[in-house]
Amino acid sequence: MLRLASGTFSPSCRYCVEKLTTRHASQRLSQKPLLPANSRTASSLLQSTHLTRHRAQLTCQYSTLARPNLRNLISPTNRIVQSQQRNMSVLSKLRPLLKIRYWILGAGIGGGYSAKATYESWKDKVPDMSWLGEYLPDADTVSKFIPNVDTDKYRKFLLKLKKSIPELPESPDMATLKGYLPDADRMKDWSPDVTMDDFSSVFNEDNSITTGVMTAMKVNAEGSEEESAKKMSDKERLQKIQEEFLQEQLKYQRQLERLEKENKELRKQIMLKGDKAVYKRRTKKSLIDMYSEVLDELSEYDSSYNTQDELPRVVVVGDQSAGKTSVLEMVAQARIFPRGAGEMMTRAPVKVTLSEGPHHIAMFKDSDREFDLTKESELEALRREVEIRMKASVRPGQTVSMETIAMSVKGPGLQRMVLVDLPGIISTETQGMASATKESIKMMCEHYMSNPNAIILCIQDGSVDAERSNVTDLVSHMDPQGKRTIFVLTKVDLAEKNITNPRRIKQILEGKLFPMKALGYFAVVTGRGNKDDSIETIRGYEEEFFRTSQLFRSGVLKASQMTTQNLSFAVSDCFWKMVKASVEQQADTYKAARFNLETEWKNNYPSLRQLDRDELFEKGKGEILDEVMNLSQVTPKQWEEALWAKLWDQAAEHVIENIYLPAAQTESAGHFNTTVDIKLKQWADQQLPKKSVLVGWETLQEELKGLMDRGKDAQNHDDIFDHLKEAVIKEATRKHRWQGEAANSLRVIQLNALEDRSIAEKSQWDSAIKFMESTLQDKLFETESKINKMSGPGWVGRWFKWQYQSQDQAKCAATKTELEKIVALDEGSKQKHPPYLAMDETTTVRKNLEAQGVDVDNDFIKTTWHEVYRRHFLKQALVRANECRRGFYYYQRGITDTDLECHDIVLFWRIQKMLQCTSNALRQQIMNTEARRLEKEVKHMLEGLGEDPQKKLGLLQGRRVTLAEELKKVRGIQEKLEEFIEALRKEK
């Protein structure tokens, strides 16, 4: 009663109020469903219960029933009478104005109805506190403690008592109560109008009120033990309720999973029921596949516009071994990445496109092989392929690579999104790593996170100290406001075992511990430490952990922040919101880029088609093959003439210097023929066949090159293919090898031709003479040119052309003059001078030159003599060849006792016949075999170049090519973006 008078409840009364308030709220809540249809967990029900209790506490503290206004309880009848008297006086004064009652009658009725409606609405909002009547004492109970007391006087007494009695402690004993409660004298001073008889029943012999108070306390104490027991049982009941909520949550979660599985199975059956071709077309046109194709196009687009990184994707970053790859595998529902024990496994960015499909499969972008993710052998093959591709992408001397490995994963129930798994951030470069590995990984992560539309999935290891984190500082620097960051705390099961202060995890998940902000915070468990566990095993372990986790029971973890399934839902939702917000802007950007490129093309290449590098290569390939095919249009005569000229050009030096000149120095025709036969056979056995094959191959090259050179003079020639043609011909000729059997066949043909000395017809004789004269004249011209160069300009050049002799040339000219005197003596005699100078002749020439003041040595004289005698011999040979025009008759009759020496004519006939037979054999080899082989080799080489983008990039260059390439890529990106936007609008 004293606490009621002072405006506060006792602890027992407060507990009862809270309990009944909770019961009252739960009764109202029971009228609604236990779990909403769209709820995934029981967290909303728990929050509703806590909120009801909180409202009950507020009601106990701030309602008018907690602190009743005692003035309203004193004489309410008098107040009603006074109010009625005031109302009557007002009506009497307004009586003259009732003539306008008809004007305001309608307004009054309407206002009254509105006031009543307002009152009823307020009344409905006020909580029903009628249940407090069970706990507030009535008049009979009060009369038991204070009998025969005037109510009005007692109210006045209570008012003064309320103002004078201080607040009592929670559990006062008797001594403490005597210090707080007033005695009879003090009560008399407070209320002089009340006699002591009125309080005689509540005071002791020492005029204290302790007995009355203790009587009331005894009444309260009767149920104290029961209330304490109830309080303890309520704690257990609350814990039991929480467990029931968890069980209900798991029950509904299992039901949802069962329904999802049934839904997946039905969708799978529907997908498989239709035609496979139709299904393939439909899956190719799905939103996520279309979006992934756009990203693939952007990754290959390299220009100055730098817009390839403006479209959203989920970038997975974290410290090394923080669980990035495990989180991605849980989202993909398959263990698709290589595994390592603490070592770096992710060495290159891996772009994973998740989409829904009837079968759980994975594919690489550049491969048609499908990996069945439901089979362990296929999973192992996939992980091995990923590891091989990562190692192949890393250049020598480096540890990580910027080359992206693109793959797609399809399966029932997968959330549609594009994720990029990056190498883990490291603190120290260990043995075997490149020197710049740490900085390279950091730059790679910054490059992907710098995209303003990229969603950053920040992975933090929950089992290590927060102060050891490297990724949080980097993420906070790239996204200070946290508008596109989702924080994921992994290994929560280990954190629960090791952590001593659960509040740190709560601070992490509330964004209060790390210096970063995020859109959402999640706690996940991605394994038990066993790398061989399947996804189903890990998921079951995760659910079991969170169901029994003390972090969840104590309120540190919220149901909406747990499990990778909730994480995947949140990431997918954020991803598509970002896509819808940014994709149209990107489409406009590429539309403007396309307009600029098309304008440049129209201004610079108005009459040319827009052919990219691949299309240009195909066009150049066709032209090269056409020109190779033109070899078949070369006539046999043209081939033989070209081969004959090329072959004699290569063999003439050997024939003149090593065969004809040495044989011509012999004394008789018999010795001449013997020397010629020996030397010709040696030449035909060792050098001639190989030299002939080489001549045939060079002739084929020159003819092909000539065809291409003639093509450059055509009116419609496109010089953009010149470099390609030159490279192809050069490489083809380098690799082409003449058939090895050709040399042996030529050897037989050539030996037979050289052994035949018979000239059957006069035309053949004349032809041999003509061949000999043309050959000797060419050699004579070369020799005279050499002598003129050695002796310098003559008197005509010195006088008319202002040319001068050097000292050596003057010595050579003087020496030549002296040697010509010796040659002149030989012309009139029948005895031929040998091709060398005798010692006395050399001494004579040197003495004569010394007499003229020219100092030369013997070697200088012999060198000059070689050229002078050579010229003399060639002139004499030409004279003999001319004289032998009439010697065919003597040759045919076998007459040898004549002044004519025509055995050298027979030699040149044998050489000419060998050249004709060799040319004919080489022509047949080229036309029947080698030209076709060359055509195949060129075609094979072109096919190899077509499969090598780097070589095509070097062979086809220029602004025309790069402009067409950019225009094609921008046009393709814009079209794919527009197609994706149209499909996105239809889905909305």
Side-chain angles (χ1 to χ4, degrees), residues 649-668 671-672 675-676 679 772-883 901 904 907:
D649 182 68
Q650 297 290 329
E653 185 73 17
H654 180 83
V655 170
I656 298 299
E657 300 296 334
N658 297 327
I659 298 177
Y660 177 59
L661 289 178
Q665 305 305 320
T666 58
E667 297 178 354
S668 62
H671 291 145
F672 178 88
T675 303
V676 167
K679 291 184 177 296
M772 178 181 173
E773 288 178 345
S774 64
T775 301
L776 295 179
Q777 286 175 358
D778 293 339
K779 293 298 179 181
L780 179 62
F781 178 78
E782 292 177 1
T783 303
E784 288 182 346
S785 299
K786 189 174 182 179
I787 292 174
N788 292 333
K789 186 177 181 180
M790 292 171 60
S791 60
W795 66 271
V796 177
R798 293 196 298 270
W799 282 94
F800 294 100
K801 298 182 180 180
W802 297 88
Q803 296 176 350
Y804 299 93
Q805 287 181 331
S806 65
Q807 187 177 0
D808 292 339
Q809 288 177 343
K811 292 179 180 181
C812 183
T815 304
K816 182 189 71 171
T817 303
E818 292 296 326
L819 293 175
E820 284 177 348
K821 293 178 182 179
I822 298 175
V823 173
L825 294 175
D826 185 60
E827 292 180 357
S829 64
K830 295 182 179 180
Q831 187 70 25
K832 296 180 180 179
H833 193 286
Y836 53 87
L837 284 175
M839 190 64 186
D840 57 343
E841 291 177 333
T842 304
T843 303
T844 302
V845 172
R846 183 166 54 82
K847 294 294 185 180
N848 293 338
L849 292 174
E850 288 178 354
Q852 299 176 11
V854 179
D855 186 14
V856 295
D857 55 8
N858 292 339
D859 292 336
F860 186 84
I861 294 173
K862 291 179 180 180
T863 302
T864 307
W865 165 254
H866 177 73
E867 300 300 332
V868 172
Y869 181 81
R870 183 187 182 87
R871 182 180 62 178
H872 169 69
F873 174 80
L874 292 175
K875 287 181 178 180
Q876 291 296 323
L878 285 172
V879 172
R880 291 194 302 271
N882 188 33
E883 292 176 351
E901 297 180 358
D904 47 358
L907 170 63

Less than 3.5 Å apart, which donor and acceptor atoms pair up between the side chains of residues 812-819 and the rest of the protein, not counting sequence neighbours?
unit_1: Thr815; atom_1: OG1; unit_2: Lys811; atom_2: O; d: 2.8
unit_1: Thr817; atom_1: OG1; unit_2: Ala813; atom_2: O; d: 2.9
unit_1: Glu818; atom_1: OE1; unit_2: Asn848; atom_2: ND2; d: 3.3
unit_1: Glu818; atom_1: OE2; unit_2: Lys821; atom_2: NZ; d: 3.4
unit_1: Glu818; atom_1: OE2; unit_2: Gln852; atom_2: NE2; d: 2.8

By salt bridge (charged side-chain N to carboxylate O under 4.0 Å, His left out), Glu773 pairs with (sequence neighbours left out) Arg885
Roughly how far apart are Tyr869 OH and Ile822 CD1, rounded to 0.5 Å? 12.5 Å
Phe672 side chain reached by Ser668 side chain, heavy atoms, under 4.5 Å: no
Can you pull the salt bridge (charged side-chain N to carboxylate O under 4.0 Å, His left out) pairs that have at least one residue in residues 842-858, sequence neighbours excluded? Arg846-Glu850
Between Ile861 and Thr842, what is the shortest heavy-atom contact and its length? CD1-O, 3.9 Å
Going by the salt bridge (charged side-chain N to carboxylate O under 4.0 Å, His left out) test, which pairs reach into residues 868-878, not counting sequence neighbours? Glu657-Arg870, Glu820-Arg871
Side chains of Lys679 and Pro662 in contact at under 4.5 Å (non-hydrogen atoms): yes
Could you pull out all residues at least two apart from Lys786 that satisfy side-chain hydrogen bond (donor to acceptor under 3.5 Å, both in side chains)? Glu867
Residues forming a ring pair (Phe, Tyr, Trp, His ring centres under 6.0 Å) with Phe873, sequence neighbours excluded: Tyr660
Residue list, ring pair (Phe, Tyr, Trp, His ring centres under 6.0 Å) with His671, at least two apart or on another chain: none
Using modelled atom types only, decide if a donor and an acceptor are shared between the side chain of Gln777 and the backbone of Ser774 within a distance under 3.5 Å. no
Interatomic distance, Met839 atom CE to Thr843 atom OG1 [nearest 0.5 angstrom]: 4.5 Å
Glu883: salt bridge (charged side-chain N to carboxylate O under 4.0 Å, His left out) partners, not counting sequence neighbours: none
What's the separation between atom CG in Asp904 and atom CG in Leu776, rounded to the nearest 0.5 Å? 8.0 Å
Do Gln809 and Ser791 make a side-chain contact, defined as non-hydrogen atoms from C-beta onward lying under 4.5 Å apart? no
OG1 on Thr863 to CE on Met790, rounded to 0.5 Å: 6.5 Å
Shortest non-hydrogen pair, Met772 vs Ala877, comes out as CE-O, 3.9 Å
Taken in chain and number order and not counting sequence neighbours, the residues that satisfy side-chain hydrogen bond (donor to acceptor under 3.5 Å, both in side chains) with Asn658 are His654
Those residues that, when tested against Thr775, pass side-chain contact (heavy atoms from CB on, under 4.5 Å) (two or more places apart): Trp648, Ile656, Phe771, Phe908
Residue set satisfying side-chain hydrogen bond (donor to acceptor under 3.5 Å, both in side chains) with Gln650, at least two apart, ordered chain then number -> none
Not counting sequence neighbours, which residues clear side-chain contact (heavy atoms from CB on, under 4.5 Å) with Glu782? List them please. Lys779
Min side-chain heavy-atom separation Val845-Glu841 under 4.5 Å: no
From Asn858 CG over to Trp865 CH2, what is the distance, rounded to the nearest 0.5 angstrom? 14.5 Å
Asn882 (side chain) donor-acceptor with Leu878 (main chain) under 3.5 angstrom: no
